[in-house]
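Following: one structure in structure tokens, then a few remarks.
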Protein chains: 2
Amino acid sequence: MTTTEQHSRRRGRPPTGGREAILEAALVVLREQGIANLTSREVAARAGVSDASVYYHFHDRAGLLAAIFESGMKPLLVMGEQAGGPNGPLDVLERATASLEQFFDEVLPIMHAAQSDPELKEAVARYVELKDLGPHKGVAILGSYLRAQQEAGVLAPGFDPDAVALLVIDMSFARAVRQQMHLAGEERLPSREALLDQIWRLIQPA
Amino acid sequence: MTTTEQHSRRRGRPPTGGREAILEAALVVLREQGIANLTSREVAARAGVSDASVYYHFHDRAGLLAAIFESGMKPLLVMGEQAGGPNGPLDVLERATASLEQFFDEVLPIMHAAQSDPELKEAVARYVELKDLGPHKGVAILGSYLRAQQEAGVLAPGFDPDAVALLVIDMSFARAVRQQMHLAGEERLPSREALLDQIWRLIQPA
DNA sequence: GTCTATAGGTTGATAGAC
DNA sequence: GTCTATCAACCTATAGAC
């Protein structure tokens with residue numbers, strides 16, 4: 001514990017953690033209020049700092065948004081570690097969809113915000129290209145796992161591993177979107193289990 | 001032809017079509033600039049009318065947004081007519097995905113805009129509930145078709161029609177989103193044909 | 001129904017003290 | 001690094017003439 005906690009200014013927050021506080025608050029505001037209400041004032045108030053602090057740390061609004069985006073996209077960078085578990089394909093599929101949904105749930109507010117402003121949209125596209133993120137990454141991870149299992153004879157020989165992987169990703173993505181829109185009639189839709197059942201029918205060995 | 005076309009004020013537009021002009025312009029602005037730049041001034045300028053006209057027709061910004069939303073969602077109301085074509089299931093599937101993608105392509109800007117503002121988000125949710133739109137509608141249409149073909153023996157007996165329908169819808173939705181984000185690496189992803197191939201493997205008769 | 005003009009409020013961004 | 005105070009720009013919305 002090297003943090004000096006002698007004068008508790010706010011509540012357990014380091015005295016000079018302004019930048020992180022602002023970034024955190026901005027992410028919260030973005031998720032709760034949407035980008036329409038993401039103003040420097042609102043963020044500053046939530047972070048418990050002054051309005052000018054925001055501009056000191058991020059120069060301008062675009063800089064703040066870029067930082068939010070980069071911070072909010074981090075879940076993507078740490079993905080793809082639990083693909084090679086010791087469990088069977090069905091278990092892997094279930095765990096993959098679960099973490100995919102959670103991931104999309106975190107990133108979706110940023111995606112939505114990006115689509116509401118052409119400048120942000122292009123920034124996101126460039127960032128994704130630069131870091132080589134994007135759907136093909138997920139397809140590569142999940143697809144190669146499926147292909148390995150297929151070649152090992154654990155799964156059926158006929159299916160296209162990458163295509164099935166993309167189907168699973170798309171299904172998780174759409175589910176996350178529906179969940180965040182919380183539309184009525186969600187309960188009338190086929191469940192995740194029902195969807196995974198069909199995928200399983202597709203890849204299970206004869 | 002009852003429209004009086006004696007004095008061409010703009011170009012083939014009725015002299016008193018202000019409301020429609022504004023609505024059209026608003027949709028264009030929303031698609032091109034995103035909701036971040038959707039101001040009464042911008043819309044009015046594009047429509048070739050005054051700023052005040054917008055408020056005359058739609059009372060306030062919320063009224064304009066509601067009208068945009070209702071107008072932009074119309075593609076949903078006229079959906080589901082070409083499902084019962086005389087063609088085979090594979091053809092129906094291809095045509096369904098094509099029109100689904102086009103539909104999502106039209107509605108997506110509005111969905112994104114709605115997600116960027118909590119008030120709009122709730123308005124959308126209520127509207128979808130009121131008009132009984134939503135994914136379950138598409139599932140019902142495509143699913144019942146698949147079920148009919150299945151019971152007629154044209155398709156395999158084992159699959160879940162509704163679940164497969166939702167898979168197809170989710171896949172089309174995700175494809176439309178990717179297309180609008182125009183991320184790099186799209187060409188490395190499995191094509192629509194590759195995805196439909198897997199669906200076909202799922203439902204084809206033995 | 002459409003315009004001009006403008007009031008009133010909010011926001012992004014800066015200056016300068018501490 | 002953080003604050004207060006402030007400005008200029010922009011936006012929503014209204015008033016009133018035509």
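Every chain is numbered from 1, with letters handed out A, B, ... down the list of sequences.
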What side-chain donor-acceptor pairs closer than 3.5 Å can you find for residues 179-186 of chain A, not counting sequence neighbours?
unit_1: Q180(A); atom_1: NE2; unit_2: D105(A); atom_2: O; d: 2.7
unit_1: Q180(A); atom_1: NE2; unit_2: D105(A); atom_2: OD1; d: 3.3

From [atom1] of [X] over to [atom2] of [N], roughly how many Å is that when rounded to an integer?
X      : N       : atom1 : atom2 : value
E42(B) : dT12(D) : CD    : P     : 11 Å
F58(B) : dT12(D) : CZ    : C1'   : 16 Å
N37(A) : dT12(D) : CG    : P     : 13 Å
I22(B) : dC3(C)  : CD1   : C1'   : 13 Å

N/O-N/O pairs, protein side and nucleotides 13-15 of chain D side, under 3.5 Å:
unit_1: dA13(D); atom_1: OP2; unit_2: R61(B); atom_2: N; d: 2.6

Inset, instruction - Applying salt bridge (charged side-chain N to carboxylate O under 4.0 Å, His left out), name anything that partners E42(B), two or more places apart in sequence or on another chain. - result: R46(B)

Legend entry - Any pair counted as salt bridge (Lys or Arg N to Asp or Glu O under 4.0 Å), so long as it reaches residues 108-117 of chain A, sequence neighbours left out: none

Inset, instruction - Hey, could you give me each pair passing salt bridge (Lys or Arg N to Asp or Glu O under 4.0 Å) that has a residue in residues 51-63 of chain A? Not counting sequence neighbours. - result: R41(A)-D51(A)

Can you list, pair by pair, the side-chain donor-acceptor contacts under 3.5 Å of residues 187-196 of chain A, counting residues two or more places apart and other chains?
unit_1: S191(A); atom_1: OG; unit_2: E193(A); atom_2: N; d: 3.4
unit_1: S191(A); atom_1: OG; unit_2: E193(A); atom_2: OE1; d: 3.4
unit_1: S191(A); atom_1: OG; unit_2: A194(A); atom_2: N; d: 3.2
unit_1: R192(A); atom_1: NH1; unit_2: E101(A); atom_2: OE2; d: 3.2

Legend entry - Side-chain ion pair, R147(A) and D162(A), N-O less than 4.0 Å: yes

Inset, instruction - Could you check whether S50(A) gets within reach of a base, just the sugar-phosphate, or nothing at all, counting any heavy atom under 4.0 Å? - result: base

